[in-house]
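Note that these values count all heavy atoms, side chains included, but never hydrogens, waters or copies made by symmetry. In what follows, every chain begins at residue 1, and chains take the letters A, B, ... in the order their sequences are listed.
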2 protein chains.
Amino acid sequence: MLSSLNNPPAHEIVYRQIRDKILFGDLTPGQAVTIQGLVAECGVSMTPVREAIRRLTAEGALEFQGNRRVCVPRMTEARFAELTFARDMIEPKLAEMAAKKASAQDIDTLRAIDDALNAAIDLGDVKGYMRENHRFHFTLYGLAGSNILLPITETLWLRFGPLYRIISGKYGTESLIDRHDEAIHALRAGNATLCADAIRADIAQGFAIVRENFGWA
Amino acid sequence: MLSSLNNPPAHEIVYRQIRDKILFGDLTPGQAVTIQGLVAECGVSMTPVREAIRRLTAEGALEFQGNRRVCVPRMTEARFAELTFARDMIEPKLAEMAAKKASAQDIDTLRAIDDALNAAIDLGDVKGYMRENHRFHFTLYGLAGSNILLPITETLWLRFGPLYRIISGKYGTESLIDRHDEAIHALRAGNATLCADAIRADIAQGFAIVRENFGWA
DNA sequence: CCGCCCGCAATTTGATCATATTATGACGCT
DNA sequence: AGCGTCATAATATGATCAAATTGCGGGCGG
């Protein structure tokens, strides 16, 4: 009973490990992901690794490389256009749903995360920024109580991860500005539409940076 | 045997088998899906079955039932609202993208599928209707050449599958009307926006039937 | 005579299976 | 009714089989 809560299964651990690596840019696009490599790295057997890889490919975080091998997918302009379309449709909706349910305590939590985020920016800690930014968005979206849109959004972020890696190498953290304050103020005011707009603007800034960087006008 | 050389891997076969069952209503919401049951049914070992189940849960077609059991997810009004939102955002977009790339031959193929669909309706063949309807939408969407929105749409349809089963038991095929003709005419005319509108109207009809049936006004 | 290309073998990697281990849920006993 | 034991189903491992890529060597052409 308690042990099931404290001991997540091996495939879950492996899944989270690879997922975080992709999400925060530790793996580069096109990089091959092999079963045996993960077996050696994680110290578990093949079956849990296979399951983790299967799950990640189903989520679009990994991609079949034709002959039963998988790799981190490469981004193209067409794919990027689809990603931004989907995120622009879904995430403001989640923010709106979340705003209608957010308690004062929830908002305080978001405030704390945003403080940690700004601290990471001041320190030039790119990885920390990415982690806190992810945490901010998904604790907000999590308030929506969604079972459909939230998992979809997770897959969309998974495809973005490898991109940020490339960008963060070129830009620093000093150029990173966000609309989180606007979102929090909208939450405090109980204005769901305004919160959705803030999130829309926030992610649009991220899109713009990527587009600029890759010359995708 | 030797025939296994050219065949797709076992986990893929098992995946498709369960997927089709869910998609076309052979499994009812809440129904438990056990590994050993599939082992017995498919005549393969546990590993491929585990992978197929893992993939389907990642796609939302199956759901963890608390303690390491999985079942076909039950539909709620809140989930349904999210599903319709997502489908209403994405599928017209796919139709629009497809319309810009559709060749005359592509349109003929869709025409043929729609003819088969209408034939199934005339015969009162609910299963055949569902199959051809799925084929119509996804051959159309497939023309868009999408790598992001198309897989997402597949997961959305997977969550709809169990619902249609319930409905088709109450209604017959005679009440089934669609906007496929409008979509095909729009494709022939090269009018992408009109095609998107036809698809939007088509799926909205499906939503309305479900809502009516479950009393989700 | 040197360099390139094609084909074969060896190694690496993936896929499947049979089995042991562990947790869960149910039944029976006190 | 509460607790312990048993049966069942899931998790994880290691071994085995099949496939693909890599690297090497011989043949061909310049």
List in numerical order all residues of residues 44-62 of chain A for which some heavy atom is under 4.0 Å away from an atom belonging to DNA chain D.
A:Val44, A:Ser45, A:Met46, A:Thr47, A:Pro48

Nucleic acid contacts - residues 9-20 of chain B versus DNA chain D, non-hydrogen atoms under 4.0 Å:
none

Results of side chain to side chain donor-acceptor pair (under 3.5 Å) for A:Asp114 - residues two or more places apart only
A:Arg111, A:His180

Who passes side chain to side chain donor-acceptor pair (under 3.5 Å) against A:Thr84, sequence neighbours left out?
none

Applying salt bridge (Lys or Arg N to Asp or Glu O under 4.0 Å), can you list everything that pairs with [X], at least two apart in sequence or on another chain?
X	answer
B:Lys101	none
B:Glu59	B:Arg55
B:Lys93	none

Using the test ring pair (Phe, Tyr, Trp, His ring centres under 6.0 Å), find all partners of [X] that sit at least two apart in sequence or belong to another chain.
X	result
A:Phe138	A:His134, A:Tyr141, A:Trp157
A:Tyr15	none
A:Phe207	A:Phe160
B:His11	none

side-chain N/O A:Asn67 vs D:dA19 OP1/OP2, d < 4.0 Å:
no

What I want to find out is whether A:Arg200 reaches A:Glu91 closely enough, with some N-O distance under 4.0 Å, to be called a salt bridge.
no

List every contact pair, protein side and nucleotides 10-13 of chain C side both N or O, where the distance is under 3.5 Å.
none

